[in-house]
Amino acid sequence: MASVASAIDARGVSKVFRGAGQDEVRALDHVSVAIRENEFFTLLGPSGCGKTTLLRLIAGFDFPTEGEILLYGDDIAMLPPYKRPVNTVFQNYALFPHMTVAQNIGFGLEMLGKPKDEIAGRVAEMLRLVRMEELKDRRTSQISGGQQQRVALARALAPRPKVLLLDEPLSALDYKLRKDMQIELKRLQHETGITFIFVTHDQEEALTMSDRIAVMSKGRILQIGSPRDIYERPAERFVANFIGETNMLKGKLGKVSKDLADVTLHAGPKLKATVPETLPASGEVTVVIRPEHARIAPGGKTAGLLKGELENIVFFGTDTHFHVKLNDGSPFIVRQQNASSEAPGLSIGSQVSIAVAENSARVLKD
Amino acid sequence: MSNAEAVAKKFRERDIFGRWLLSFPALFVIFIAAVGPLFVMLLYSFMVKGDYGDVKYWQFSGDGWFSVFFQRDIFDDTVSVADAHLLILWRSIRLAAMTTVLTLFFGFPTAYFIATRPEGKRELWLFLITIPFWTNILIRTFAIQETIRNEGVFNTVLMKLGIISSPIQIMFTDTAVLLGMVYVYLPLMVLPVYASLEKLDFRLVEAGYDLYAPRLQVLWRIILPLTKPGIIAGSILVFIPAIGAYVTPRVLGGGKNMMLGNLIELQFGQGRNWPLGAALSITLMIIVTVALLFYVRNASKSGAGHGH
């Protein structure tokens, strides 16, 4: 039993906050998710979607209204935070300002009653792990944001938690530092072998770092899957919109065979699209096409292609975005890499045609 | 060129004069209201006492300071230690220190309670804390007297309930003085402690819990060190008026349980020994200063070295 148990298994967890009057806020609505051992798992969603609430329930700062939270098979939902072998990296680090870097890192071990020399050894090991040896005697107010981030990580990792919770830990850092820390976090997770549960609203961060992602909205989990799954086969409109740029075209569902279906787009051509397990009953469907899965060419003659008028060209360095208004009026974006000789001689206002890569379209279930 | 320099210099001088003029109100308060009277007190403490109070001006003697610590027998002129004064001195320090500790003991949980209420409701609780300030201290002290005297509410209720057969003597004891001072000075502890608790980042408390610290450890290792400025301020605000308290020991302690304030009043009144009164006042000031220096330095040191 213990060997197959998930690191964290949330079962039908709800959390209702009661406001001043009669108003209730249902922050989590029957959420179930199993997080595997040694996994980098991300809870992704806009602010207010319940991702931080779920994290706080796992940490023990709040208690669920209903449902259970299992840690390797044991229900921990009602344990106080200081009795859970789970540690948190807080959004603004929450380092103790009256202690040095080393004292911060050693605090958890000290509270666990570890012997002094063991604490000293472990603190030194942690300082080495996050490359902060030289600053161990500094006050936390005397180090930079990126360094505080490392100390917060070291402090949470020092007691060897079974699960590490990270609450938007990178959001306070600037772009360059955030990129470095993303790699750093992956390295730490790999080296320590600890299960990471990472909360973020940044879809790019989620895609680059995670083993699996749970996309959340309005207190519910909409889809759980690998970054590729989530990106290429979004199940719902919200997921498709939230992650990456996307084109959505309406169409009529034709013949469905196993996981491929014929869809006749209102904008013209017929194409094959992958389908989810459940389909809308009406036959009226939305198809998602990622901008990089389309190619643009001048002229509007070729049959079987999307056609429209080029409205704008935006240069992005590595690639270029072409904004097209299709013949039925719907907008469509094509992203093409700026590979040397390929620059298609297009001008704004000209007629263009768009080809969609085979099987890259996806039918949404809503 | 030199003409321009002269003009500039003149303006500069006028500017400096203007600045001094602007700081006049502050200087007036500092010198006339604070430093001046202190100097007068110091002067009085070294003068010869007048026969009917007052002092004999510009006749200097060390008698005032001498009798702070020593007394001369009226009959045989032998010198002995003024143990009555030392007893009062010791009682003042002891009661003021106990008052400070007890107001902290009761005030800290109160302040914590208020600081953890929802934002809109804190004002109401603070308001309730400050209500006693609206009543004169004398009236509040008499109210305590009414409660604890032998025929008072406390003893009557206990006797009616059959818990005690004769009233407990609380009035005119150190306990009565302590009770009165803790009651009167409690808000002075609650308010500054609240101010620093309100600024406390409660995520640090969560971080403490997260790192396996149970409640008492979180209080001891995180909340107390971080609210130290408020605790120091509250202790100062309570200790200073408590050691010089006059009304409370007068009403609740009676003539036998004098504190320094009462002793000083006695010298300027019935005792007709102004130099001694002045010397005692300055002694009180010195005690307060030394105690504060010691306390503040100690407190900030233990803060810096916390957690070794």
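Residue numbers start from 1 in every chain, and the chains themselves are labelled A, B, ... in the order their sequence lines are given, proteins ahead of strands. Worth knowing before you read on, the calculation uses all heavy atoms, side chains too, and leaves out hydrogens, waters and symmetry mates.
- Annotation for B/R215: atom CZ does not count as buried by contact number, only 12 or fewer foreign heavy atoms lying within 6.0 Å.
- B/E206 CD to A/F90 CZ: the interatomic distance, rounded to the nearest 0.5 Å, is 5.5 Å.
- The number of heavy-atom neighbours closer than 6.0 Å to CG of B/L293, taken from other residues, nucleotides and ligands shown, is above 12.
- Using a 4.5 Å heavy-atom cutoff, the side chains of B/V205 and A/F61 are not in contact.
- At a 4.5 Å heavy-atom cutoff, A/L165 makes no contact with chain B through either its backbone or its side chain.
- Counting non-hydrogen atoms of neighbouring residues, nucleotides and ligands closer than 6.0 angstrom, the CZ atom of B/F31 reaches no more than 12 such neighbours.
- Scanning both residues, A/M111 and B/L211, for their nearest heavy atoms gives CB-O, 3.4 Å.
- The environment of CD in A/E191 is crowded: more than 12 heavy-atom neighbours from other residues, nucleotides or ligands sit within 6.0 Å.
- In A/K186, the NZ atom is crowded: over 12 heavy atoms of neighbouring residues, nucleotides or ligands sit closer than 6.0 Å.
- The number of heavy-atom neighbours closer than 6.0 Å to CZ of B/F133, taken from other residues, nucleotides and ligands shown, is above 12.
- Under a cut-off of 6.0 angstrom, the local environment of CE in B/M285 is sparse, with at most 12 non-hydrogen atoms contributed by other residues, nucleotides or ligands.
- Residue B/L204 touches chain A through both its backbone and its side chain, counting heavy-atom pairs closer than 4.5 Å.
- Nearest heavy atom pair, residue A/H98 against residue B/R221, reads NE2-O, 2.8 Å.
- Heavy-atom distances place the backbone of A/R84, and not its side chain, under 4.5 Å from chain B.
- Judged purely by atom type and a 3.5 angstrom limit, B/D201 has no side-chain atom pairing as donor or acceptor with the backbone of A/A94.
- Among all heavy-atom pairs drawn from A/P159 and B/Y212, the shortest one is CB-CE1, 3.5 Å.
- Residues A/T88 and B/D210 come closest through the heavy atom pair N-OD2, 2.6 Å.
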